[in-house]
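Hydrogens, waters and symmetry mates play no part in the numbers below; they use all other heavy atoms, side chains included. Not measured: the values here are computed from a predicted model.
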Amino acid sequence: MSPIVVSPAPPRVLRVTATVLGHVARTLQGVAERITRLP
């Protein structure tokens with residue numbers, strides 16, 4: 001049985017993933033800031 005070879009993700013997939021993760025991080029930061037301002 002030969003080993004399984006996994007090819008790296010294409011650059012576009014990596015860019016999209018980085019963009020999505022950036023949006024998620026900014027959203028979570030905004031939520032955290034709003035929570036800290038709650039009375």
Side-chain angles (χ1 to χ4, degrees):
M1 182 182 268
S2 61
I4 297 174
V5 177
V6 178
S7 62
R12 182 179 182 283
V13 171
L14 296 177
R15 278 195 308 274
V16 169
T17 301
T19 301
V20 169
L21 290 176
H23 287 301
V24 169
R26 283 189 295 280
T27 300
L28 289 176
Q29 182 180 10
V31 170
E33 288 173 1
R34 286 182 181 94
I35 288 173
T36 59
R37 286 190 234 142
L38 289 175

Report task. Can you sort out the partners of Arg26 under side chain to side chain donor-acceptor pair (under 3.5 Å), two or more places apart, ordered by chain and number? Result ->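 Applying side chain to side chain donor-acceptor pair (under 3.5 Å) to Arg26 gives His23.
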
Query raised in the report: Hey, is CD1 on Ile4 packed in by over 12 heavy atoms from elsewhere, all under 6.0 Å?
Result: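 Atom CD1 in Ile4 is not crowded, with 12 or fewer foreign heavy atoms closer than 6.0 Å.
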
Report task. Tell me, please, which residues at least two apart from Val24 pass side chain to side chain contact (heavy atoms under 4.5 Å, CB included). Result ->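 Only Val20, Leu28 meet the side chain to side chain contact (heavy atoms under 4.5 Å, CB included) criterion with Val24.
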
Requested in this report: With sequence neighbours left out, write down each residue that passes side chain to side chain contact (heavy atoms under 4.5 Å, CB included) with Arg37, or none if nothing qualifies.
Outcome: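 For Arg37 the side chain to side chain contact (heavy atoms under 4.5 Å, CB included) partners, ignoring immediate neighbours, are Glu33.
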
Query raised in the report: Which ILVMFWY residues can you reach from Leu14 by hopping between side chains whose heavy atoms are under 4.5 Å apart?
Result: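 In the cluster with Leu14 there is nothing else; it is isolated.
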
